[in-house]
Number of protein chains: 2
Amino acid sequence: MKEDSKPYKWPSRTDSLGYMVNWAARLFAREMDEALRPFGLMSGQLPVIFALADGKTRSQRELVNLAAVEQSTMAKTLSRMERDGLIERKPDPNDRRSTTISLSPLMSVRLPEVAAAVAVINARSHTHLSEEEGERLLDLLHWAIKGLAERP
Amino acid sequence: MKEDSKPYKWPSRTDSLGYMVNWAARLFAREMDEALRPFGLMSGQLPVIFALADGKTRSQRELVNLAAVEQSTMAKTLSRMERDGLIERKPDPNDRRSTTISLSPLMSVRLPEVAAAVAVINARSHTHLSEEEGERLLDLLHWAIKGLAERP
DNA sequence: GTCTTTTACATAGCAAGCCATGAAAGAAGA
DNA sequence: TCTTCTTTCATGGCTTGCTATGTAAAAGAC
């Protein structure tokens with residue numbers, strides 16, 4: 001990628017939290033996508049996979065709450081994951097509107113490898129951060145999110 | 001939005017930097033989109049607008065470097081912005097492959113209002129952060145990005 | 001036991017990311 | 001000059017987000 005060859009310059013837009021957070025998120029997604037490609041996965045599916053990693057079934061609504069995305073986003077993501085054989089959906093016997101969702105057997109088997117691949121990228125993001133700095137970053141992000149999420 | 005009415009619970013996925021950064025980025029984009037709607041703008045156009053805010057013209061390549069997105073992403077964003085009358089493109093007399101891009105007069109006039117709307121959202125993200133904490137967050141994000149961007 | 005409201009999903013349509021490919025112009029080498 | 005390499009941009013195809021809307025089932029009100 002020659003176009004990105006200039007190393008680093010940090011102009012004023014890097015003082016904008018919105019810009020930096022967006023940039024970091026895109027880098028994460030890009031690296032995750034690359035690391036997950038061998039498994040036929042993409043970054044947007046990770047919240048679902050880890051929400052189902054304990055082997056239990058969850059409703060679509062539960063997954064929406066866990067992933068903090070809109071219901072329509074989750075619906076489409078789950079459709080693709082079912083299409084690709086990553087999850088299975090069975091009708092909920094207690095509620096005919098709902099389905100119960102679980103990992104496919106194949107995906108369950110591969111879970112440890114997937115978790116390892118994810119851990120590698122997460123470690124990359126912490127290359128220049130000490131353990132305390134990593135925790136501090138998470139904590140500060142928590143507060144920024146809280147400020148954005150509570151509508152005044 | 002009744003679906004989000006449960007206040008907060010912070011399970012283990014909130015200990016993942018990738019998850020938290022993605023969440024923060026989506027919240028930023030959502031709030032920015034809402035705040036920018038009166039101006040016919042969306043969050044993805046902000047890097048372009050602020051890169052051109054000084055009134056000078058820039059090439060598409062320069063905008064790609066400033067926004068840190070792929071060239072194809074910028075191409076499509078600029079097409080939409082031109083379609084919506086936000087920017088103007090003129091052929092570059094020195095290089096027939098390239099065009100020079102500048103804000104439309106209308107957009108230039110509205111720039112202060114846009115900047116004010118953006119500042120409101122940024123302030124919201126800092127509600128629970130002191131000035132030092134805000135700077136610390138930017139600094140830590142800087143290092144996380146650096147770790148992700150340098151391919152080993 | 002109806003009627004109304006709420007809840008669970010699906011679908012359509014758009015923006016903004018990405019990758020991969022291709023066309024055309026400029027730059028460089030032989 | 002002519003050929004090759006590099007750079008600039010456009011396009012197609014995909015995912016992941018969002019809003020808005022619609023449908024069907026469940027839950028509540030009376």
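Throughout, protein chains are lettered first and strands after them, A, B, ... in sequence-line order, and every chain is numbered starting at 1.
Residues Asn22(B) and Phe28(A) form no side-chain contact, since every pair of their non-hydrogen atoms from C-beta on lies 4.5 Å or further apart.
With rounding to whole Å, Leu78(B) atom CG is found 11 Å from dA16(C) atom P. The nearest whole Å value for the distance from the CD atom in Glu62(B) to the C1' atom in dT7(D) is 14 Å. The CE-P distance, from Met42(A) to dG13(D), rounds to 17 Å in whole Å. Following rounding to the nearest Å, Tyr19(A) (OH) and dA16(C) (P) show an atom-to-atom distance of 15 Å. Protein atom CG of Leu27(A) is 12 Å distant from nucleotide atom P of dG17(C), rounded to whole Å. At whole-Å resolution of the value, CE in Met81(B) and C1' in dC14(C) are 16 Å apart.
Residue contacts for Arg83(B): at a heavy-atom cut-off of 4.0 Å it reaches the sugar-phosphate backbone alone, with no base atom in range. Among the atoms of the strands shown, none is found under 4.0 Å from any heavy atom of Arg37(B). Residue contacts shown for Asp95(A) are limited to sugar-phosphate atoms, with no base heavy atom under 4.0 Å away. When heavy atoms are screened at a 4.0 angstrom cut-off, Thr99(B) is found touching the sugar-phosphate backbone but no base atom.
Regarding contacts with the backbone of dC18(D), a side-chain N or O of Arg26(B) is found under 4.0 angstrom from either OP1 or OP2. Considering only side-chain N and O atoms, Arg97(A) lies nowhere under 4.0 angstrom from the phosphate OP1 or OP2 of dT23(D). For dG26(C), the OP1/OP2 oxygens have a side-chain nitrogen or oxygen of Arg96(B) closer than 4.0 Å. In this model, the phosphate group of dT16(D) is approached by a side-chain N or O of Arg80(A) to a distance below 4.0 Å at OP1 or OP2. Between Asn22(B) and dT16(D) there is no side-chain N or O to OP1 or OP2 distance below 4.0 Å. The phosphate of dT7(C) (OP1 or OP2) has no side-chain N or O of Ser98(A) nearer than 4.0 angstrom.
Side-chain atoms of Ser59(B) lie closest to dC9(D) of the nucleotides dA16(C), dC9(C), dC9(D). Comparing dC14(D), dC9(C), dG17(D) by their nearest atom to the side chain of Lys76(A) picks out dG17(D). The side chain of Ala75(B) lies closest to dT11(D) when the candidates are dC14(C), dT19(D), dT11(D). Looking at the side chain of Thr73(A), the nearest of the listed nucleotides dG17(D), dA25(D), dC14(D) is dG17(D).
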Donor-acceptor pairs under 3.5 angstrom involving side-chain atoms of residues 46-57 of chain A: please list them, not counting sequence neighbours.
unit_1   : atom_1 : unit_2   : atom_2 : d
Asp54(A) : OD1    : Lys56(A) : N      : 2.9
Asp54(A) : OD2    : Arg58(A) : NH2    : 2.7

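Not a single donor-acceptor pair, N or O on each side, falls under 3.5 Å between the base of dA8(C) and the side chain of Gln71(A).
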> Checking side chain to side chain contact (heavy atoms under 4.5 Å, CB included) for the pair Met74(A)/Glu62(A): CA distance, chi angles, key distance, verdict?
Replying inline: CA-CA 10 Å; Met74(A) 184 55 70; Glu62(A) 289 176 288; over 6 Å; no
